[in-house]
Amino acid sequence: MTKQTDTLYAKPYEDVGHFRFDDKTVSVFPDMIQRSVPGYSTIVHMIGQITERYAQHGTHCYDLGCSLGAATLAMRHGMGTKQCKIIGIDNSHDMVTQCRHHIEQDKAKTPVEIIEGDIESIALQPASVVVLNFTLQFLPITSRLAVLKKIASALVPGGVLILSEKLAFDDPRHHELMIELHHNFKRAQGYSDLEIAQKRQALENVLLPESFTTHQSRLSEAGFTGVELWFQCFNFSSMLAFK
Ligand code: GEK
């Protein structure tokens, strides 16, 4: 993937507006997510390893909110020779166009289909691995249970959901501490205080983080039999939810 440096919030804006997954974001996305999400590469790499363990012959594997297909490709390469079909879904037209291009350049054999659609309304086929890598956090809170119920009922026995999310913390001191540590991480990645502040403002009411306990109880309510936090760095996490 080409890596153009993310300077979207480098100049001061009178009104930063809401963050959008448009062509400007797409052009800098690999750099943006890499420098903004601590542990992103590790998580994507591990999605490949978890797929290797959980993908079941003759089922589907989904990457919901696939963006440019990083997790889709990790799944494709982790799959080995198992005969599965991978489906990536994203509701950003610009993301989907660029994602299809990336997938075409990859020569692995597992079939991949990239669909432009909304994960709230799309129907799912029987699946063994479903990935929501930093996507659920962009859905309205009131829609999240229904999406998770749909995933739980599509998963075959022994299937798994990999759910990566930015977290909130119940204790306000811990919540602020994690935000501060994350901002230090971004500064160390070369983002200025202005970029950090404007991006934070743009994501206000767009990215809605929740606590691990909230995710855990919603996942149980949705029909998952167990949930484990397998990765956390500051306020960024990834969970496994088992069917
Ligand atoms: C990665 N998983 O690189 N339906 C479909 N797609 C959606 C919806 C929706 N309702 N809402 C948001 N999206 C990727 C990173 S980015 C995370 C995921 C981030 C899509 C949105 O268009 C975007 O591409 C993606 O979810 C979230 O492993 O930018 O922090």
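Counting starts at 1 for both ligands and their atoms, in listed order. Counting begins at 1 with the first residue of the sequence.
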Do me a favour and list the nearest non-hydrogen protein atom to [atom] with residue, atom name and distance?
| atom | answer |
| --- | --- |
| atom 19 (C) of ligand 1 | Phe138 CE1, 3.6 Å |
| atom 10 (N) of ligand 1 | Asp118 OD1, 2.9 Å |
| atom 1 (C) of ligand 1 | Tyr40 OH, 3.4 Å |
| atom 4 (N) of ligand 1 | Ile119 N, 3.0 Å |
| atom 18 (C) of ligand 1 | Ser67 OG, 3.1 Å |
| atom 22 (O) of ligand 1 | Asp90 OD1, 2.6 Å |
| atom 28 (O) of ligand 1 | Asn133 ND2, 2.9 Å |
| atom 13 (N) of ligand 1 | Asn91 OD1, 3.4 Å |

Is a donor on one side and an acceptor on the other found under 3.5 Å between the side chain of [X] and the backbone of [Y]?
| X | Y | answer |
| --- | --- | --- |
| Asp90 | Cys66 | yes |
| Arg187 | Asp193 | no |
| Asp94 | Asp23 | yes |
| Glu116 | Asn91 | no |
| Gln198 | Glu195 | no |

Just by distance, no angles: are the side chains of Asp118 and Ser121 close enough, under 3.5 Å, to form a donor-acceptor pair?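 Their side chains do not contain a donor-acceptor pair, so the 3.5 Å distance test is not met.
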
Do the numbers put Lys243 on top of the ring of Phe224, so that NZ or CZ is under 6.0 Å from the six-membered ring centre and no more than 45° off the axis?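 Because its charged atom misses either the 6.0 Å distance or the 45° angle limit, Lys243 does not stack over Phe224.
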
Within 45° cone of Tyr191 ring axis and under 6.0 Å: Lys186 NZ or CZ: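 Satisfied, under 6.0 Å and within 45°.
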
Counting heavy atoms only, which of Leu207, Thr135, Leu203 is nearest atom 26 (O) of ligand 1?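 Answer by nearest heavy atom: Thr135.
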
Can an N or O of [X] be found at a distance shorter than 3.5 Å from an N or O of ligand 1?
| X | answer |
| --- | --- |
| Glu120 | no |
| Val44 | no |
| Met95 | no |

Any idea which atoms of ligand 1 are less than 4.0 Å away from a heavy-atom of Leu139?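 Counting from 1, the qualifying ligand atoms are 10 (N), 11 (N).
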
Pairwise side-chain contact, Leu132 with Leu161, heavy-atom cut-off 4.5 Å (strictly under):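 Result yes, sub-4.5 Å side-chain heavy-atom pair found.
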
Applying a strict 4.0 Å limit to heavy atoms, is Gly117 in contact with ligand 1?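 It does; at least one heavy atom falls under 4.0 Å.
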
One thing to verify: whether Asp22 and Lys24 come together as a salt bridge, which I'm taking to mean a side-chain N less than 4.0 angstrom from a carboxylate O.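 Salt bridge flag = no for Asp22 with Lys24.
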
Where does Val131 meet ligand 1, judged by heavy-atom distances below 4.0 Å: at the side chain, the backbone, both, or neither?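 It is neither part, as no heavy atom is under 4.0 Å.
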
